[in-house]
Amino acid sequence: MYDAILAATDGSERAEAALAHAIELGAATGATVHVVTVVETSDNPMKFSTAEVDELNRTAEEIVDEIVAAYDGQDVEIRGDVRRGRPAEALLTYADEADVDLIVVGERGADGVSGALLGSTADRLARTADVPVTIVPVDER
C-alpha cells in the first residue's frame, strides 16, 4: 500500500500526533517514514537576523534528530531531513524527490515561530499534493 510516508513536523504536540499516526502506518505497511521539518525564512528576508536563522536551523535539526533517534531500532525505518523555504512547497518538493505515497500532517502547527509549518500548510498540501494527504485532527480535550 505505502512504501514511503512523509510526516511533516514542527516539534509541536499536534505534529507529534501526526507523527505517531505516520509511524503506526509505516510499521503496519512496511513503509519508510520520512520526518521533515521546514525552516521558513523566505517571507521577509529582513525578518530574521543571521543568528536567528542559525538558531531556527539548529532547532529544526534537533527536532528531526531526536525523532529519528527515538525510533532507531523500532519496527519502522525512519529518515529525517530539514528543508528551507515555504513549508508547503518545500514539503511537496521533498515528497516528489523521495517518491512518497502519503503525506501526514497535523491540522495546525505550534504557536510562535515553529507554527509557521502547519495550519495553512496542511490546507495547501491537501489542495495541491499529487499524493494522498492525511490531516490528523487536533484533539482539543
Taking distance alone, no hydrogens or angles, what donor-acceptor pairs closer than 3.5 Å link side-chain atoms of residues 16-28 to residues at least two apart or in another chain?
none

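- Between L91 atom CG and D81 atom CG the span is 10.5 Å, to the nearest 0.5 Å.
- Taking both residues in full, the closest heavy atoms of L102 and P132 are given as CD1-O, 3.4 Å, listed atom of the first, atom of the second, then distance.
- Sorted by first then second residue, the salt bridge (charged side-chain N to carboxylate O under 4.0 Å, His left out) pairs that include residues 87-102, not counting sequence neighbours, are R83-E97, E89-R124.
- Across A122 and G106, no two heavy atoms sit closer than the pair CB-O, 3.6 Å.
- In this structure, Y2 has no side chain to side chain donor-acceptor pair (under 3.5 Å) partners at least two apart in sequence or on a different chain.
- Within the structure, every pair that satisfies the salt bridge (charged side-chain N to carboxylate O under 4.0 Å, His left out) test and touches residues 59-69, not counting sequence neighbours, is listed here: E61-R84.
- Scored by the side-chain contact (heavy atoms from CB on, under 4.5 Å) test, T59 finds E55, I63 as partners (sequence neighbours excluded).
- Across all non-hydrogen atoms, the minimal contact from A4 to A98 is CB-O, 4.3 Å.
- Shortest non-hydrogen contact noted between V100 and H34 is CG1-CD2, 4.2 Å.
- Remark: D123 CG to T128 OG1 distance equals 9.0 Å, nearest 0.5 Å.
- The ring pair (Phe, Tyr, Trp, His ring centres under 6.0 Å) analysis of residues 58-85, with sequence neighbours excluded, yields no pairs.
- Closest heavy-atom contact between A95 and I103: CB-CD1, 4.0 Å.
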Show your reasoning for whether side chain to side chain contact (heavy atoms under 4.5 Å, CB included) applies to V105 and T121.
CA-CA 9 Å; V105 294; T121 299; 5.8 Å; no
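- Remark: V64 engages T37, V68, V82 in a side-chain contact (heavy atoms from CB on, under 4.5 Å) (not counting sequence neighbours).
- The heavy-atom pair separating A15 from A8 by the smallest distance is CB-O, 4.3 Å.
- Residues satisfying the side chain to side chain donor-acceptor pair (under 3.5 Å) test with T32, not counting sequence neighbours, are E77.
- The distance from the CD1 atom of I78 to the CD1 atom of I67 is 6.5 Å, given to the nearest 0.5 Å.
- Proximity of V104 to V33: side-chain heavy atoms (C-beta onward) are nowhere separated by under 4.5 Å.
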